[in-house]
Amino acid sequence: MNFEILAPAGSMESLIAGVRSGANAVYLGGKSFNARRNAGNFDNKELYEAVKYCHSHGAKIYLTLNIVMSDDEFEQMYNEVKYALSIGVDAFIIQDIGVAKFIKEHFPQARLHGSTQMSIMTVSGVKYAEEMGFSRVVLAREMTAEEIREIRENTDIELEMFVHGALCMCVSGQCYLSSMIGSRSGNRGLCAQPCRLPFTAKGNKSETALSLKDLSLIEDLELLDGINSLKIEGRMKRPEYVSAVVTAMKNAIDGKYSAADKFTLRSIFSRSGFTDGYLKNKLGNNMFGSRQKEDVLSAKNVLKDISHNYDNENPLIRMDMSFVCKTGEKCSLTVNALGREITVEGETPQKAINKPMTAESLTQRLSKLGGTQFFAGQIDIVLDDGLILPASKINELRRTAVEKITQEPEHEVVCEPFDRINPILKNSTPYLTASFKSAKQIPDKHPFKHVFIPLNSTIEDFIDNRAGAVLPRGMFGIEKEIETKLTKLKKAGVRKVLCPNIGGYRLAKDMGFEVFGDFGLNIFNSESANLIDNPILSFELMLEQANKINAKNTGIIVYGKVPLMLTRNCPIKTSIGCYECNKKGKLTDRKGYEFPVICSDYPCVEMLNCVPIYMLDRMDEVKTDFAHFYFSTESVEEVENIILLNEKKAKPPFKYTRGLYQRGAI
């Protein structure tokens, strides 16, 4: 099996541990724009040293820029990308489609990898990324082996998959729980992991209904045929963890994975063990787990032993050599490694008085690469008879060759100058749009210019309400089914589609619909807003930021219990079962707040916020082109009351939140 092993590096120590243990590539973050801002991360000087170390050991290095960025952060991002390219960073891991567009336009040589936070789970999603210039996509962690195969058969782009480490309950890029509760946004790199705290569907206050076991697919590599890169989660983990997982991964690829490897992985870090439930499409209670006392204690027993894996350089890279020594000429040593070749010259040999050099003695001396990352491969010797060189000079020649071949070459950066994004402030009164979980919620009279209802609604409901279709946010394995339904709706006269992910967006647009971008696209800046038609901007923006987005026909959610999680594994079904739930499921946190859980006919469920965003009494502050109402659990009577409150610009008689429009996400 030919896989790239991709290791996490939250520090230089972890990077060295991963590379010396056999990683083919590492990914790491700078100090600002990455999804693990609480890791040690790397400043410019440290990044340079990291690149130099990785490249000298035959490993690639990928820099994470995998957060959504505001307009005023683009100049700093531009400078970071330019510097990273100048020192030889091999690729950038990107979440924000606006950032991707900007980098490709300004740095055409840059290689882009689509972050798992892009929520790519369909063929159309991969093709959208490919058309944007991505050379690799990190697939959603919730995909089954069959779904992965379908994507592999329909694209030539490189595919990357998380195969070991922490597993979020929510589809990556679609979680707003941390930001809405405490302003620490996962999409901005500061997730506080509130999902690991107690949430219950049963009333049991110790239940952790949103905590999954760690992922481990190391024993399932045969199901990942077609995946190019095996990614290890863990930029917040210690070096011993990185070394242990890389070693186990390497052993599995080489067919040497053992019970000892499995024991080490369980000991170094787990949450009641591991799961491969998504890959094998075996969802349910067995996938859930939390960090237990015995998990913590077991790690102490293995840390010291693992650290010896990377105490010293391991000879992982082959070096071929050619030594030429002729009478009256300076000797030379040519070495070939790391994909390049260099030649160094030594002294002119002397006539031997007693014992001349032999090919065997030279081969033995040149093979002494101990203490380096190299081992000797093929060694060719061209030697005239009766010559001698001091052993110290041969050793010096070998050391010089090793030093020179590991030197990082200069990297030329071809780039366009930075062009500042000019914000605009719109002054129009926004028109109103709304989405409903059911057509039964729609009043006979309403002020909405565009109305959207779920894709699985009846054709009569679409026609009667002149409604557009809302695509499901979780499109795992159902893209063809969605295409079939959209075809029928188009024949019936439906013209508008609200699209929550880039796969659905591309599919609907290619089919000729008027598309609207939903909040799940995480549109956070003017660049990304200009890539999407009629975008509903991220509700993680501050209102001032949203108002200044320089793009046509933008909107924000001004009312609604917004979804905080999208998950393929229903926590209510796992805890109490569908019968007890009766489509009225809710989770209760440790403070007693209740979060509705909404199921659908599609693969995922959504956990809503406990209170709605409410901006209807402050609509004069909203300067976007349209304002969107997100109706979920409301009855038709409650919808009518919300409409009345909007007309009166009144404060609500129920608990609400301004969300992040005032306080912002950090």
Side-chain angles (χ1 to χ4, degrees), residues 116-126 128 137-152 154 159 161-162 167-177 195 201 209-210 212 215 217 223 275-288 435 437-438 453-457 469-486 497-508 518-521 563-575 577-578 581 583 585 587 596-608 632:
T116 189
Q117 288 176 273
M118 291 181 74
S119 311
I120 293 178
M121 61 191 75
T122 63
V123 172
S124 290
V126 172
Y128 182 98
V137 164
V138 187
L139 296 175
R141 304 179 205 201
E142 294 79 9
M143 299 193 69
T144 67
E146 183 178 346
E147 291 159 1
I148 294 169
R149 278 196 298 273
E150 181 185 9
I151 287 178
R152 178 73 289 164
N154 286 279
L159 300 178
M161 192 83 187
F162 275 96
L167 187 59
C168 296
M169 185 70 181
C170 181
V171 174
S172 189
Q174 300 302 309
C175 187
Y176 310 98
L177 180 62
C195 54
L210 295 176
L212 294 176
L215 172 73
L217 308 181
L223 297 178
T275 180
D276 58 6
Y278 285 132
L279 185 71
K280 294 183 176 178
N281 200 21
K282 293 181 179 179
L283 310 183
N285 191 54
N286 286 338
M287 288 187 66
F288 288 78
S435 59
K437 287 296 180 186
S438 168
I453 57 178
L455 180 66
N456 59 350
S457 304
V470 181
L471 297 189
R473 290 167 70 205
M475 293 175 58
F476 297 99
I478 59 169
E479 186 172 29
K480 291 179 181 177
E481 177 186 341
I482 289 173
E483 185 176 6
T484 299
K485 290 192 175 185
L486 285 175
V497 178
L498 184 59
C499 307
N501 62 61
I502 60 173
Y505 179 86
R506 182 187 186 273
L507 176 64
D518 208 352
F519 66 89
L521 293 170
L564 303 185
M565 275 196 175
L566 175 74
T567 179
R568 196 169 185 176
N569 203 347
C570 179
I572 304 297
K573 180 179 180 180
T574 300
S575 294
C578 293
C581 170
K583 297 187 181 296
L587 290 173
V597 176
I598 307 296
C599 59
S600 74
D601 297 335
Y602 298 109
C604 294
V605 301
E606 294 177 304
M607 186 180 87
L608 307 183
S632 54

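One is the number of the first residue; the rest follow in order along the sequence.
- Judged by distance alone, with hydrogens and angles left aside, the side-chain atoms of N285 form no donor-acceptor pair with the main-chain N or O of T574 at under 3.5 Å.
- The two residues K437 and S632 come nearest to each other via the heavy atoms CG-CA, 3.5 Å.
- Looking at M121 and V171, their side chains come closer than 4.5 Å, going by heavy atoms from C-beta outward.
- For the pair M607 and T567, the minimum side-chain heavy-atom distance is 4.5 Å or more.
- To the nearest 0.5 Å, atom CG of residue L608 and atom CE of residue M565 are 12.5 Å apart.
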| message | side-chain contact (heavy atoms from CB on, under 4.5 Å), that's the test. Do L498 and S435 meet it? Break it down for me. | response | CA-CA 9 Å; L498 184 59; S435 59; 4.2 Å; yes

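- For I482 against P472, the heavy-atom pair with the smallest separation is CD1-CG, 3.8 Å.
- Residues R568 and M287 fail the side-chain proximity criterion, which asks for heavy atoms closer than 4.5 Å.
- Across all non-hydrogen atoms, the minimal contact from F519 to Y176 is O-OH, 3.8 Å.
- Taking CE from M118 and CD1 from I502, the interatomic distance works out to 4.0 Å, rounded to the nearest 0.5 Å.
- Put simply, the side chain of S124 never gets that close to the backbone of R506: no donor and acceptor are under 3.5 Å apart.
- You'll find the side chain of E142 stays beyond 4.5 Å of the side chain of C604, heavy atoms only.
- The number of heavy-atom neighbours closer than 6.0 Å to CD of E146, taken from other residues, nucleotides and ligands shown, is 12 or below.
- Within the model, atoms CG of D276 and OG1 of T144 stand 12.5 Å from one another, a figure rounded to the nearest 0.5 Å.
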| What's the verdict on side-chain contact (heavy atoms from CB on, under 4.5 Å) for K573 and V605, showing C-alpha distance, side-chain angles and the deciding distance? | CA-CA 10 Å; K573 180 179 180 180; V605 301; over 6 Å; no

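- Closest non-hydrogen pair, I120 versus M143, comes out as O-SD, 4.2 Å.
- Separation of atoms CE (M475) and CD (E483) is listed at 9.5 Å; rounding is to 0.5 Å.
- Side-chain contact between F288 and N569 is present, with heavy atoms from C-beta onward closer than 4.5 Å.
- Between M169 and A209, the shortest heavy-atom distance links the atoms CE-O, 4.1 Å.
- To the nearest 0.5 angstrom, L283 atom CG is 10.5 Å from C570 atom SG.
- In this structure a side-chain-to-backbone donor-acceptor pair under 3.5 Å is missing from Q174 to S119.
- Counting only heavy atoms from C-beta outward, the side chains of I151 and L159 approach each other to under 4.5 Å.
- Atom CG of residue L486 and atom CG of residue L471 lie 5.5 Å apart, to the nearest 0.5 angstrom.
- In this structure, the side chains of L215 and Y278 stay at 4.5 Å or more apart for every pair of heavy atoms.
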| Would D601 and L455 count as a side-chain contact (heavy atoms from CB on, under 4.5 Å) if you check the C-alpha gap in whole Å, the side-chain angles of each, and the deciding distance to 0.1 Å? | CA-CA 10 Å; D601 297 335; L455 180 66; over 6 Å; no

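- In plain terms, the two heavy atoms of C195 and L177 that are nearest each other are N-CD2, 4.0 Å.
- Counting only heavy atoms from C-beta outward, the side chains of S575 and L587 never approach each other to under 4.5 Å.
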| message | Determine whether I148 and L279 satisfy the following criterion, side-chain contact (heavy atoms from CB on, under 4.5 Å), listing intermediate values before the conclusion. | response | CA-CA 9 Å; I148 294 169; L279 185 71; 3.8 Å; yes

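- Judged by distance alone, with hydrogens and angles left aside, the side-chain atoms of D518 form no donor-acceptor pair with the main-chain N or O of G520 at under 3.5 Å.
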